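Step one of this worksheet: look at the structure below.
Just so it is clear, the structure is predicted and the values come from calculations on it, not from any experiment. In what follows, chains are A, B, ... by sequence order, proteins preceding strands, each numbered from 1.
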Amino acid sequence: MRIATWNVNSVGARIDRVVEWLESAKPDVVALQELKCTDDAFPHLPIQAAGYEAVTLGTGRWNGVAILSRVGIADVTRGLVGQPDFDGAAEPRAIGATCGGVRVWSLYCPNGREPGHEHYNYKLEWFKALNATVQSELAANPDQPFAAIGDYNIAPTDADVWDISQFIDSTHVTAAERAALTELEELGLSEVMPRSLKGEPFTFWDYRNGSFHRGWGMRIDLIYGNSAFTSRVTDAYIDRDARKGKGASDHAPVVVDIS
DNA sequence: ATGCCCTATGATATAGGA
């Protein structure tokens with residue numbers, strides 16, 4: 001079974017590319033982030049025409065997550081256990097579903113903006129809610145394959161950004177953010193490292209400053225799984241080609257194959 | 001080569017992204 005995660009930066013603006021990618025990569029399950037649309041506006045018709053059903057959580061202009069599947073979607077959960085509000089609202093950043101026997105979460109973790117910012121504190125609180133959700137689900141079904149995949153907005157190590165000296169006093173690389181990943185690992189999750197098909201192993205390149213052709217990228221779209229999941233992994237890769245050309249998302253898909 | 005920002009919004013600027 002092939003599972004993928006992709007921050008598409010607006011599913012409406014990207015729908016043709018998304019459908020084209022589904023047809024070429026042939027994933028069975030896809031976690032999408034940054035839909036930037038309401039549930040009502042989600043483009044179900046072209047997704048269905050490509051052979052997938054979709055469950056979504058979207059409120060409009062910002063955020064939004066979905067899971068696409070051609071192997072069934074059951075037991076859909078929207079939001080996290082104890083998820084914090086931001087600016088008085090629960091943002092659409094997490095959706096979980098069981099697809100083909102695998103429990104999958106599509107995650108769009110908060111950015112944080114800058115260390116010490118209200119949004120940074122929200123980011124750390126959000127990860128506590130993710131931790132509580134993962135802990136609860138792993139305890140309920142310890143033998144079921146479980147994958148928490150998406151845009152984590154954290155680079156796990158200094159090697160996961162193009163130049164760590166550019167990240168002094170920046171989010172995505174702080175000890176507190178990385179500690180949130182360590183705490184997920186302490187629950188029994190571990191990261192599936194994707195290989196790079198060609199070029200540097202990043203998953204995001206800013207639109208600005210020609211970052212993509214300069215190799216100024218970051219690896220922030222991550223695959224975490226429990227041992228029932230990771231023991232079945234046969235391959236994982238970053239589809240960097242999907243970042244090329246006009247009309248691309250600023251993120252590349254990350255794909256994992258399991259037996 | 002992949003080439004120097006993009007998206008949605010009660011828009012004609014602004015917020016957010018990372």
Taken to the nearest whole Å, OH/A:Tyr207 to P/B:dT2 is 17 Å
> Across the strands shown, which category fits A:Asp221 at heavy-atom distances under 4.0 angstrom: base, sugar-phosphate, nothing?
Replying inline: nothing
Is the shortest side-chain N/O distance from A:His251 to OP1 or OP2 of B:dG17 below 4.0 Å?
no
Taken to the nearest whole Å, CH2/A:Trp216 to P/B:dA18 is 18 Å
Check your understanding: Closer than 4.0 Å, any side-chain N/O of A:Thr171 to the OP1 or OP2 of B:dA18?
Key -> no
When rounded to whole Å, the CH2 to C1' distance for the pair A:Trp162 and B:dA18 reads 9 Å
Using the C1' atoms only, state how far B:dT7 lies from B:dA18, rounded to an integer number of Å. 15 Å
note: A:Tyr120, atom OH; B:dG17, atom P; distance rounded to Å ~ 15 Å
Side-chain-base donor-acceptor pair under 3.5 Å for A:Arg14 and B:dT7
no
Is the distance between the ring centroids of A:Trp162 and A:Phe204 under 6.0 Å? no
Whole-Å distance, A:Asn209 CG to B:dG17 P, equals 18 Å
Exercise for review: Please determine if a side-chain N or O atom of A:Asn153 lies less than 4.0 Å away from the OP1 or OP2 oxygen of B:dA18.
Suggested key: yes
A:Phe212 atom CZ is separated from B:dC4 atom P, nearest whole Å, by 12 Å
- Query: With a cut-off of 6.0 Å (strictly less than), are more than 12 heavy atoms of other residues, nucleotides or ligands near CG of A:Asp169?
  - Reply: no
- Please determine if a side-chain N or O atom of A:Arg113 lies less than 4.0 Å away from the OP1 or OP2 oxygen of B:dG17. yes
Checking B:dA8, B:dA18, B:dG17 against the side chain of A:Arg93 (C-beta onward), the nearest is B:dG17
Of the candidates B:dT2, B:dA18, B:dA15, the side chain of A:His172 sits closest to B:dA18
*Relative to the ring of A:Trp205, is the ring of A:Phe212 parallel (under 30°), tilted (30 to 60°) or perpendicular (over 60°)?*
perpendicular
| message | Check this one for me: any side-chain N or O of A:Asn7 less than 4.0 Å away from OP1 or OP2 of B:dG17? | response | no
